[in-house]
Amino acid sequence: MDLLGGLAFLLVAAQDAPDPFVQKVSDLVRARAAALISKAAAPKTTPEEALAQAAKLDDAIVDEVSKKLSVTAAEVREAWKKRERKSKTVGYGPGSWIVQGGQDGGLDSAVKGTPVPEDNLMDRGPSILTKRKPPPPPEPVPLGKPLKTKAEWWAAASPGERSACVEAEYARKSELVEKKEETKKCATCSGRGTLNTNRGGIGLVIVCGRCHGSKEDIVLHYE
């Protein structure tokens, strides 16, 4: 390689080399985002508090990074725009119903009925006493079973499920990242929002216990 060729190679290499300041900002922004997401996803928070914190992480992240590097928030944001893109995919998963307005607690069915006694379900014939004096029909009872409230779901969720919800909310609301949102059908009800079941010999259509009737999961692709 001649001298001019060598200089040209070095010039191109220098142009392709990452800016140290941009790299530093990028690393710190990603690190602070991960730390703040983990903090917001703590079980002691409520889902409302966690999602509210996630929606406001941009300012907290930029503020912390600017103080760490002793630069302005504008400089942090400008350097972040020049970052190397790293794609991530995250979804609310089984917590999607919380941001989609799924049923918050209550029963999964409003139907009342008289369950068939187990003896009848087993096709046993009536006893002599039953033939002589039929018992009075029982009163109809609620056939629905309780669905979890938001707070109950959050308390029972795994750390990974809570963190995924918070990260998805951050990606969805953030102006720092570029994102694409998509939905996929609930894995339990196949996107119907309801399930068919049988309780006490009575066929019922109940609200899906996974998606709480919201039918879909929300997935974010961001960088």
Side-chain angles (χ1 to χ4, degrees), residues 10-100 102 150-151 153-187 210-211 214 216-223:
L10 292 174
L11 180 60
V12 171
Q15 290 174 341
D16 291 341
D19 183 315
F21 179 67
V22 169
Q23 188 64 50
K24 186 68 173 177
V25 167
S26 300
D27 291 343
L28 283 174
V29 167
R30 293 187 175 105
R32 293 316 304 153
L36 291 172
I37 286 168
S38 179
K39 182 179 179 181
K44 64 181 180 180
T45 63
T46 67
E48 291 83 2
E49 290 170 344
L51 296 178
Q53 290 178 37
K56 299 178 180 179
L57 283 189
D58 279 4
D59 289 341
I61 293 168
V62 171
D63 182 59
E64 289 189 19
V65 174
S66 64
K67 289 179 179 177
K68 179 76 173 178
L69 299 178
S70 300
V71 296
T72 66
E75 288 174 305
V76 170
R77 290 178 181 273
E78 189 61 31
W80 175 250
K81 290 178 183 178
K82 301 173 183 177
R83 69 192 181 281
E84 178 186 357
R85 299 298 195 267
K86 295 183 179 181
S87 299
K88 291 193 70 178
T89 297
V90 65
Y92 293 89
S96 293
W97 70 273
I98 292 177
V99 297
Q100 296 204 96
K150 293 177 182 178
W153 183 92
W154 187 260
S158 69
E161 287 172 333
R162 290 194 303 271
S163 291
C165 279
V166 174
E167 185 178 354
E169 183 74 356
Y170 160 66
R172 198 181 195 196
K173 300 293 179 62
S174 175
E175 294 182 357
L176 289 177
V177 303
E178 298 172 9
K179 85 279 287 187
K180 179 181 178 182
E181 182 177 322
E182 65 178 11
T183 58
K184 63 179 183 179
K185 294 179 180 179
C186 169
R210 181 183 181 278
C211 73
S214 61
E216 296 176 329
D217 290 4
I218 300 176
V219 179
L220 278 298
H221 306 279
Y222 76 99
E223 56 184 25

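- One finds the OG1 atom of Thr46 at 10.0 Å from the NZ atom of Lys150 (value rounded to the nearest 0.5 Å).
- To the nearest 0.5 Å, the span separating NZ on Lys39 from CD on Gln53 amounts to 7.5 Å.
- Between Ser70 atom OG and Glu75 atom CD the span is 10.5 Å, to the nearest 0.5 Å.
- Between Cys186 and Cys211, the closest heavy-atom pair is SG-CB, 3.7 Å.
- With rounding to the nearest 0.5 angstrom, the NZ atom of Lys185 is 12.5 Å from the CG atom of Asp217.
- Separating the CD atom in Glu169 from the CD1 atom in Ile37 is a distance of 11.0 Å, to the nearest 0.5 Å.
- Checking side-chain atoms of Ser174 against main-chain N and O of Ala171 turns up no donor-acceptor pair under 3.5 Å.
- Between Glu64 and Lys68, none of the side-chain N atoms (NZ, or NE/NH1/NH2) sits under 4.0 Å from a carboxylate O, so this pair counts as no salt bridge.
- Nearest heavy atoms, Tyr222 versus Lys179: CB-CB, 3.8 Å.
- Note on Arg77 versus Asp58: no salt bridge recorded, every NZ/NE/NH1/NH2 to OD/OE distance being 4.0 Å or above.
- For the pair Thr45 (side chain) and Ala40 (backbone), a donor-acceptor distance under 3.5 Å is present.
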With side-chain contact (heavy atoms from CB on, under 4.5 Å) as the test, would you mind laying out the steps for Tyr92 and Gln100 before giving the verdict? CA-CA 10 Å; Tyr92 293 89; Gln100 296 204 96; over 6 Å; no

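- At least one donor-acceptor pair under 3.5 Å links the side chain of Ser26 to the backbone N or O of Val22.
- The two residues Ser87 and Glu223 make their nearest non-hydrogen contact at OG-OE1, 3.1 Å.
- Once rounded to the nearest 0.5 Å, the distance linking CZ of Arg32 with CD1 of Ile61 reads 8.5 Å.
- Minimum heavy-atom separation, Glu161 to Trp153: CB-CH2, 4.3 Å.
- A cation-pi arrangement is found for Arg83 relative to Trp80, the charged atom lying closer than 6.0 Å to the ring centre and inside a 45° cone about the ring normal.
- Cys165 approaches Leu51 most closely through the heavy-atom pair O-CD2, 4.0 Å.
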May I have the step-by-step check of side-chain contact (heavy atoms from CB on, under 4.5 Å) for Val25 and Val71, ending in yes or no? CA-CA 10 Å; Val25 167; Val71 296; 5.9 Å; no

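- Side-chain atoms of Leu36 and Tyr170, non-hydrogen and from C-beta on, never get closer than 4.5 Å to each other.
- Closest non-hydrogen pair, Lys24 versus Leu69, comes out as CG-CD2, 3.9 Å.
- In this structure, the side chains of Val62 and Leu176 come closer than 4.5 Å at one or more pairs of heavy atoms.
- Distance alone, capped at 3.5 Å, is enough to place a donor-acceptor pair between the Arg162 side chain and the Ala41 backbone.
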